[in-house]
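Structure first, commentary second.
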Amino acid sequence: MSDLGIRESSVEGGLGQSPLRPDGIAKSEGAYEFSSDLSADNMLIGKTLRSPHQHARIVSINTAPALAISGVHRIITADDVPGKPTYGLISSDQPVFAADVVRYIGEPIAAVVADDEEICARAIDAIEVTYEVLSALADARLAKDPSAPSIHPDGNVIREQNVITGDIGVVGDVIVEDHYSIGMQDQAFLGLESALAIPDEDGAGVECHVATQWLHEDLGQVAACLDLPESAVRLVLGGVGGAFGGREDLSLQVHVCLLALATGRPVKMHYSRSESFLGHVHRHPAEIWMRHHATSDGMLLKIEAEFVFDGGAYASTSSAVLVNAVTHAQGPYRCENAAVKGIAVRTNNLPCGAMRGFGVVQACFAHERQMDLLAQACGLDPLEIRRRNAMSTGDRLITGQVVESVAPVSEIIEGLSRMPFPEGAGDTEKHPYELPGGAGNTTRPDDVVRGIGYGLSIKNLMYSEAFDDYSTARCQLRNGIVTLKFATAEVGQGFITIAPQIARSTLGLEEVELEVIDTNVGSAGSTSASRQTWMSGGAVEAACLRVRELVYQHVATAEGTDPLVYTIDGTELVNTSTGGRRPMNEVVVGLEFDEEVEYRHRPTVPLDENGQGDCHTAFAFVGHRAVVDVDIELGLVRVVEISTVQDVGRALNPLSVTGQIEGGIAQGLGLALMEEIIQRDGRIMNPSFTDYLIPTIADMPPVIAELIEIPDPQAPMGAKGVGEPPTISSTPAVIAAIQDAMNTAYGSAPHLRRVPLQPSDVAKTVNVGLGD
Amino acid sequence: MTNIYDERHFELTVNGERRQVVDVYPGESLLTVLRDRLGLTGAKGACEEGECGSCSVLLDGNLVCSCLVLAASATQSSVVTVEGLGGATDMQTAFVECGAIQCGFCTPGLIMAATNLLERSSEPQTDEIREALAGNLCRCTGYGRIVEAVQTVIAQRGQGAA
Ligand code: FES
Ligand code: FES
């Protein structure tokens, strides 16, 4: 149980403050080592050969011409994988190297290790692979048809999951429906995939320094493929340049370890930007149909929906992504009746899996567009329809699960409604920087129309459906210094900042050190699902509480009293019966304790066939308001401002929370306006930052954020995860604002149903004659 | 016209020091040479085609993407990388203190770009800051704290000068 008692302590760098990142100075000086910066004496370079075909049988692979190149050391293929030939997060269906069939363009076939990058590239070109090209299955809607050809021995379907509840025959006075599409988004972390593998001297094991989100999951999968006991494989976190879900699956880990073991030399692999697009999973493209039934005054009666998720060639986390989508179809609104269907299938497209928001991004875009349609149909304003249906703590979800988390949806709506509006609407004297189209000066100020739109969302925190989700932390006290050890992947989010804050506030000691992040301690689970503040934070707190208990016991024995009389206030130990105070750093002189704790959240259950069950752990809520200026004629958009009200439980580090909010909103804005991997016949048309655009500083408006801090009784220290919610409803808020601008310009305009928006979605309204 | 021998062995002036560069491939970028040949890994490579700014360095005082500069073409120039700023400059400190750093992969490039901006213009407005840093991608922060960090330095320098 969490200790919500004395917390606003005066410890320097404690909870609720924003101490500096421990790695900040090194990062600002270029001294911090990212995984791509690592090197070792005698190091070789590895590179991957990838399939040029979407679907093909491998007839033969001839490596001899490549091996003949001077400086090439080894080439490995599926035949060289000593252990399990496949890997995967939930089901293990992805080959380490394709053996007989390739199922997407970019699938690994072989890996080369050579003296340098240049020789690797020549060797890759020299490998001769003969393919028999097969017809490709590229459309998820076709792939789900039972009569469609199977691209896997066990069929194409990864999972079907429905959520059926209440009276599904109910018909509303008002019914709105539409079809929605979400394009494939890339995590686009800046630090590309890279790893350095160093074989043990006796060749019996390997150490791999890698940028990942989940060291122990990687360890289990890598060791199985290498056919080594887990004790013979050590994973060390290499500096991670962002993750956002894209490092939850393996990419080059097995390849680089195999090459190191095969040559007996350190081997480094690192992807280029274009290879990175092929080397990790993406956000699922989705096709969604939704129909909402409501009373004439806008009260939701029933939600019907169908979700089709294209999982690409291999399953990755598709089944869990699908569950998130179908179970969040209602959004943060009460609704008693639902008939939601969902399916995730495999195709010959790029594999898809985890990305920030994890299935809820897709569901939220659809339900928020629907709420706006409903508002229009009922003659209500967009905030009013949401206010009338706002969920609160104790409400039952369409899965039957009762929301026990603090659910301040009404407070979020009120917060948004109080936000002042930015200036500049209708201003025809704007500087080109402030116009849609920016400094290119493409927009005429009198074509600019302002719009305002809203988006709200609910997001599950932590893992779901009976997953044994836990995190481990170790707290050592020696010489008055607290040392923390955990395997929690620091990917930029700042866990390494809050972990010492937790220790300082719990123990009243200011000196906290962190040990290296590796697999020499129990698993911390994944840095995903907005879970590490809750899970690893909970583990660090629990380990520190145990040490504190031992300190209390020690002092109580010495003073001949009960340990229960002690508490910590700031940096002092307080005897609550005598009022006596002593500085903690004096109390702990000579004391040594070492405690390791596994923290678990409460158990969850799998969904039944009707999608019923307490499958999620906890929930967080958020709302966004976007203000946009739209060039109605050219379809160009400038986001003027995004304001947000977010339920955070408690901001353990306010500056980090701000960073998560602003960064998450940037990714939501990106999905709304520009980010999509375009595939033609399975080939990526835009595998570069020249053509796959992410928001620049010029695209990002100011973000006005208000935090709702109602400590959640279930959460350690009251703090909810804050990483994903900003990404989720910012996307529909931006689209709703553009819709508002179009409606203002034309009285009414076609409903926007797809992200990312294309300029023609706006501009064609003029061409079809709706404009003047 | 330089011959192959010259293209593979040359000297660069980096952070004020003459550095020998040997055995490079003809055509190696300044970024590759800095990182792989000279061990200066402060400049990062997130695209290697001039789109992200993570490889930004100063070449004779001008901000360039080192991934787009042919290393062998820089023998007559002075190169300054993030390691050459001296450490704990007001800009670096402001980035740390304002929360402008998350994963930090973009940070060295942004520090170079922001430092260079304030050398060219002492009190840029917010729009000018945004325009000047638009060549530096950051995927983590949403840029809000980065703008804040640059504005903090402008304010501090303004006070210092007053
Ligand atoms: S690496 Fe040079 S601009 Fe991206
Ligand atoms: S802090 Fe991660 S890319 Fe900028």
Side-chain angles (χ1 to χ4, degrees), chain A residues 18 20-21 23-34 36-37 39 116-118 187-192 239-244 272-273 431 433-434 438-439 491-494 655-656 658-667 669 688-690 694-700 702-703 726, chain B residues 25 28 32 35-36 39-52 54 81-83 85-89 91-108 110-111 126-147:
Chain A
S18 299
L20 303 185
R21 290 185 68 97
D23 58 9
I25 291 172
K27 283 176 172 174
S28 77
E29 296 182 349
Y32 178 87
E33 280 196 320
F34 289 91
S36 50
D37 298 331
S39 61
D116 63 38
E117 189 87 29
E118 183 66 29
Q187 296 83 356
F189 38 69
L190 280 210
L192 293 158
V240 186
F244 317 117
S272 65
R273 179 58 55 189
H431 190 280
Y433 286 170
E434 295 178 74
V491 301
Q493 84 280 28
L655 190 59
S656 289
T658 303
Q660 287 298 308
I661 288 175
E662 292 177 338
I665 286 174
Q667 294 181 8
L669 181 149
S688 71
F689 282 160
T690 309
I694 65 174
T696 69
I697 197 168
D699 298 309
M700 264 304 283
V703 170
Chain B
Y25 284 101
E28 271 188 30
T32 304
R35 289 178 54 80
D36 297 352
L40 291 168
T41 55
K44 307 299 173 196
C47 76
E48 304 209 19
E49 56 183 24
E51 295 289 352
C52 74
S54 66
T81 70
V82 70
E83 292 95 337
L85 294 180
T89 65
M91 189 64 74
Q92 287 167 318
T93 305
F95 264 63
V96 181
E97 290 178 351
C98 295
I101 302 174
Q102 289 186 30
C103 85
F105 203 85
C106 65
T107 307
L110 270 155
I111 296 275
T126 307
D127 282 345
E128 293 169 69
I129 297 172
R130 289 182 183 274
E131 197 61 25
L133 301 183
N136 290 77
L137 297 177
C138 171
R139 190 54 159 169
C140 302
T141 65
Y143 307 103
R145 301 308 94 202
I146 292 170
V147 173

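From a predicted model like this one, the values you see are computed outputs, not experimental measurements. In what follows, chains are A, B, ... by sequence order, proteins preceding strands, each numbered from 1.
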For Ser18(A), give me all partners under side chain to side chain donor-acceptor pair (under 3.5 Å), at least two apart in sequence or on another chain. Asn653(A)
Go through [options] and name the one with the most non-hydrogen pairs under 4.5 angstrom from chain B.
options                                   : result
Gln493(A), His431(A), Arg21(A)            : Arg21(A)
Ser28(A), Ala188(A), Gly663(A)            : Ser28(A)
Pro726(A), Ser272(A), Gly664(A), Ser36(A) : Ser36(A)
Ile661(A), Thr690(A), Val491(A)           : Thr690(A)

Output the distance between atom [atom1] ([X]) and atom [atom2] ([Y]), rounded to the nearest 0.5 Å.
X         : Y         : atom1 : atom2 : result
Lys27(A)  : Ile111(B) : NZ    : CD1   : 13.0 Å
Glu117(A) : Asp36(B)  : CD    : CG    : 8.0 Å
Leu192(A) : Lys44(B)  : CG    : NZ    : 12.0 Å

Where does [X] contact chain A at under 4.5 Å (heavy atoms): side chain, backbone, both or neither?
X         : result
Ala88(B)  : both
Arg145(B) : both
Leu137(B) : both
Glu83(B)  : both

Top contributor to chain A contacts, counting heavy-atom pairs under 4.5 Å, from [options]:
options                                   : value
Cys47(B), Gly42(B), Gly99(B), Cys140(B)   : Cys140(B)
Gly50(B), Ala100(B), Cys98(B)             : Cys98(B)
Ala134(B), Gly135(B), Cys138(B), Gly86(B) : Ala134(B)

Note, [X] side chain near [Y] side chain (heavy atom, < 4.5 Å):
X         : Y         : result
Asn136(B) : Ile697(A) : no
Thr696(A) : Arg130(B) : no
Thr107(B) : Tyr32(A)  : no
Gln667(A) : Arg139(B) : yes
Glu49(B)  : Ser688(A) : yes
Glu29(A)  : Val82(B)  : no

Per-residue contact mode, [X] against chain B (heavy atom under 4.5 angstrom):
X         : result
Ile25(A)  : both
Tyr433(A) : side chain
Asp699(A) : neither
Glu33(A)  : neither
Val703(A) : neither

Show the nearest heavy-atom pair for residues [X] and [Y], with the distance to one decimal.
X         : Y         : result
Gly142(B) : Ala666(A) : CA-CB, 3.8 Å
Pro108(B) : Gly30(A)  : CG-CA, 4.2 Å
Pro695(A) : Tyr143(B) : O-OH, 2.7 Å

Mind checking ring-ring contact (aromatic ring centres under 6.0 Å, His included) for Phe105(B) and listing every partner two or more places apart, or none if nothing turns up? Phe34(A)
Side chain Gln102(B), main chain Gly659(A), donor-acceptor under 3.5 Å: yes
